[in-house]
Amino acid sequence: MSEIGQKSKSLKLPSTITVRELATIVGASPIEVIKLLMSNGVMASINQTVDFDTAAIVASELGFEASLDVPELEKKDLGEIPLWRQTILKEPQDKLRPRPPVVAILGHVDHGKTSLLDAIRHANVASGEAGGITQHIGAYQTELKGKTITFLDTPGHSAFTAMRARGAQGADIVVLVVAADDGVMPQTKEAAAHAKAAQVPIIVAMNKIDKPNADPNRLKQQLAEIGLVPDEWGGDTIVIGLSAKQRTGIEDLLEAILLVGENMNILANPDGAPMGTVIEAKVEKARGPVSTLLIQNGSLEVGDTVVVGTTYGRLKALFDYRGRKIRKAGPATPVEVMGLNDVPSAGDLFQVVPSERDARIIITERLQAKLKDTASKKAGVTLEQLFDQYKAGDLKELRIVLKADVQGSLEPIVSSLNDLSAGDIKIHILHAETGNIGENDVMLASASKAIILGFNVQADAGARRLAEAEAVSIRVYDIIYRLIEDVEKALKGMLEPEFKEVVTGQAEVKAVFKISKVGNIAGCRITSGEIRRNSKVHLKRKGEVIFQGEISSLKHLQEDVKEVRSGFECGISLKGFSEFAPGDIIEAFLIEKVEAA
């Protein structure tokens with residue numbers, strides 16, 4: 001044995017390493033390392049790769065104490081890593097063990113997600129066949145060749161993103177279901193954008209290949225166009241052809257999931273700090289608050305005191321995904337639990353604490369923090385704050401969700417924004433699609449700390465409400481160069497403050513009166529809010545704005561007045577417009593500066 005072998009030192013080794021690299025690190029000859037491997041029953045050449053456990057044995061025999069090296073990518077920027085992953089990074093490396101991969105199935109509404117889940121279960125849950133799952137808990141497990149896979153049976157990418165917005169990121173791998181006869185649809189693109197933003201590997205399940213009009217090559221081309229280049233074309237996306245209805249190709253899909261999971265080196269400490277994510281929660285008449293928890297580190301036992309959000313309790317019972325009572329469950333296991341004092345939110349993180357007294361203290365602190373948060377609601381990234389955040393070192397890229405009216409507008413905007421990326425701050429377009437801004441866009445922006453830019457589109461009422469609640473910045477433009485110019489100015493720290501229109505009242509035109517020397521006057525009834533004489537107005541006809549200007553006179557019972565409130569009638573004339581028609585809507589608004597939080 002070499003002289004180095006007499007020393008006792010600690011060293012860090014990666015999850016896989018070649019024999020040559022191992023020899024260099026331990027300061028021994030490759031021949032010596034190969035001999036030690038052979039004595040331990042491993043036949044390996046100088047360029048062959050061995051796993052950490054094997055390398056650690058060799059290092060130990062040469063007088064070294066080896067520990068697993070956490071990749072540099074995971075060490076930096078912990079703010080981007082979900083809290084439960086941060087917990088695992090703090091665990092003793094020698095205690096970490098491989099755990100089953102957790103898989104979310106996403107895709108277009110009619111492309112066969114439910115059929116695929118049923119096929120994987122080998123039983124149709126809806127018809128309650130023998131051997132099927134007796135109750136729906138939002139997650140289940142399946143086995144292939146002695147290896148386990150955990151599937152999240154969530155309603156779709158909205159739930160997936162809601163979890164990620166709360167720092168959960170429950171899935172390790174996303175299976176994107178696309179029908180071979182239908183191809184890539186808008187919802188497919190959305191689901192892919194959500195998975196990419198979560199930085200999880202995507203496996204494409206090309207479903208319905210048994211259909212006569214299935215066109216796998218066309219689908220692969222469409223996938224390549226949205227950045228999912230099939231591995232057979234030299235890309236890094238595994239595409240598996242299958243038929244959920246015929247139950248063919250299912251085993252190939254499971255094998256692909258296990259392969260990707262093994263390459264990811266997914267680890268957890270079964271004896272470490274128990275932590276995980278709420279998948280579903282509800283109140284049942286007979287059992288009270290019932291929650292499905294996905295354990296992501298440590299083990300959960302009956303009797304443990306759990307804190308989740310502002311909810312806590314001592315666990316009275318644990319059930320597995322088949323509804324069977326169990327005493328204990330380890331990492332990547334979904335369990336249904338009873339004992340919490342209330343229903344937590346899906347996506348909330350849970351942890352085990354020593355006692356109910358500790359739980360109450362934690363919840364009190366969280367409630368106080370929540371009150372402070374509400375009092376000074378932090379805004380998401382806005383273009384106004386961008387340069388300041390960059391200078392402070394808090395921002396390395398501007399993330400954008402882009403919506404435009406037509407594909408012809410979308411492509412030049414994407415190209416121009418990518419050209420701006422050459423500076424110090426990188427522009428990352430998470431999702432670019434045609435159509436109005438919807439709630440899914442806001443959820444993606446919220447989870448990814450992105451802003452939403454729109455060209456010739458509107459934000460749905462629900463999207464605006466959600467954006468306000470989640471502090472997501474939405475900016476809509478009708479001139480392309482203004483949109484590009486604003487982003488460029490933001491990158492240079494020169495952007496002017498943003499202003500928004502605040503609607504103060506609406507009036508419906510009931511009749512039109514012609515008065516000599518004055519012109520047409522609109523006889524109106526105020527339907528909401530109030531109309532003020534100094535207001536700016538939009539005049540809408542059949543939902544479209546046909547005039548924007550100012551009120552020139554406001555009368556109530558032939559008297560000039562400063563304002564008229566909801567429920568009253570009035571006469572309105574506008575500067576520069578007199579072609580009123582019954583049914584027109586006069587919408588009064590004020591321009592307010594948007595304060596940067």
Side-chain angles (χ1 to χ4, degrees), residues 382-384 405 436-437 452-469 473-483 485-486 495-597:
T382 65
L383 283 176
E384 288 76 14
D405 54 347
N436 280 340
I437 297 162
I452 299 174
L453 300 179
F455 174 73
N456 271 350
V457 293
Q458 295 178 331
D460 300 343
R464 287 206 175 272
R465 283 195 297 271
L466 186 60
E468 197 171 334
S473 176
I474 298 177
R475 294 179 76 114
V476 178
Y477 299 83
D478 54 12
I479 300 172
I480 289 179
Y481 85 81
R482 286 264 165 84
L483 184 155
E485 194 177 53
D486 271 8
L495 193 67
E496 293 296 319
E498 184 186 350
F499 294 89
K500 68 175 180 180
E501 295 177 0
V502 179
V503 176
T504 59
Q506 282 191 334
E508 183 181 354
V509 177
K510 295 292 186 181
V512 182
F513 305 101
K514 188 166 186 176
I515 300 175
S516 59
K517 297 183 183 178
V518 176
N520 287 349
I521 301 286
C524 303
R525 184 176 183 81
I526 312 297
T527 54
S528 65
E530 62 184 25
I531 303 286
R532 298 174 191 164
R533 196 167 57 199
N534 62 346
S535 296
K536 293 183 182 296
V537 295
H538 291 138
L539 188 122
K540 292 182 175 179
R541 185 168 294 163
K542 295 180 180 177
E544 285 188 22
V545 177
I546 63 168
F547 175 76
Q548 179 175 313
E550 296 177 14
I551 292 175
S552 59
S553 72
L554 181 65
K555 293 179 182 287
H556 177 58
L557 301 176
Q558 298 183 345
E559 287 186 18
D560 286 321
V561 290
K562 287 184 177 178
E563 62 183 45
V564 183
R565 295 177 184 273
S566 178
F568 289 92
E569 293 182 342
C570 63
I572 297 175
S573 63
L574 303 179
K575 290 179 185 174
F577 185 86
S578 60
E579 302 303 314
F580 300 106
D584 287 350
I585 301 294
I586 297 174
E587 185 178 76
F589 64 92
L590 297 174
I591 303 288
E592 286 187 2
K593 181 180 173 182
V594 177
E595 296 295 332

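Here the structure is a predicted model, which means the values were calculated and not measured.
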> With a 4.5 Å cut-off on side-chain heavy atoms, are Leu574 and Ile551 touching?
yes
> Tell me, do Val476 and Gln458 make a side-chain contact under 4.5 Å, heavy atoms counted?
no
> When the ring centroid of Phe589 is compared with that of His538, is the distance short of 6.0 Å?
yes
> Can you measure from CD1 (Ile474) to CD1 (Ile452) and round to the nearest 0.5 angstrom?
4.5 Å
> Measuring from atom CZ of Phe580 to atom CZ of Phe547, what distance do you get when rounded to the nearest 0.5 angstrom?
8.0 Å
> Is it the case that over 12 heavy atoms from other parts of the model lie below 6.0 angstrom from the CD atom of Glu579?
no
> Is the closest basic N to carboxylate O distance between Lys536 and Glu550 below 4.0 Å?
yes
> Rounded to the nearest 0.5 Å, how far apart are CD of Gln558 and CG of Asp560?
11.0 Å
> Between atom OH of Tyr481 and atom CG of Leu483, what is the distance when rounded to the nearest 0.5 Å?
12.0 Å
> With the threshold set at 4.0 Å, does a side-chain nitrogen-carboxylate oxygen contact exist between Lys540 and Glu587?
yes
> Looking at Cys570 and Ile526, what are the two nearest heavy atoms and their distance?
SG-CD1, 3.7 Å
> Okay, side chain of Asp478, backbone of Asn456: is any donor-acceptor separation there less than 3.5 Å?
no
> Could you check if a side-chain atom of Ile521 sits within less than 4.5 angstrom of a side-chain atom of Val512, using non-hydrogen atoms only?
no
> Quick check: does any side chain N or O of Arg525 sit under 3.5 Å from a backbone N or O of Gly567, one acting as donor and the other as acceptor?
yes
> Taking the six-membered ring for Trp, are the ring centroids of Phe455 and Tyr477 within less than 6.0 Å of each other?
no
> Is there a side-chain contact between Ile546 and Phe577 (heavy atoms, below 4.5 Å)?
yes
> Any donor-acceptor pair under 3.5 Å linking the side chain of His556 with the backbone of Val564?
no
> Using distance alone, with no hydrogens and no angle criterion, decide if Ser552 and Ser573 have a side-chain donor and acceptor under 3.5 Å apart.
yes
> Working note: Ile531 + Leu554, criterion side chain to side chain contact (heavy atoms under 4.5 Å, CB included); need CA distance, chi angles, decisive distance, verdict.
CA-CA 9 Å; Ile531 303 286; Leu554 181 65; 4.3 Å; yes
> Let me see the working for Thr504 and Ser535 under side chain to side chain contact (heavy atoms under 4.5 Å, CB included), right down to the final yes or no.
CA-CA 9 Å; Thr504 59; Ser535 296; 4.3 Å; yes
> For the residue pair Cys524 and Ile572, what are the closest heavy atoms and their distance?
SG-CD1, 4.0 Å
> State whether the side chain of Ser578 and the backbone N or O of Asn520 hold a donor-acceptor pair below 3.5 Å, judged by distance alone.
no
> Is Asp486 salt-bridged to Arg475, cutoff N-O under 4.0 Å?
yes
> Taking atom CZ of Phe568 as the centre, does the number of heavy atoms from other residues, nucleotides or ligands within less than 6.0 Å exceed 12?
no
> Output the distance between atom CD (Glu485) and atom CD1 (Ile480), rounded to the nearest 0.5 Å.
13.5 Å
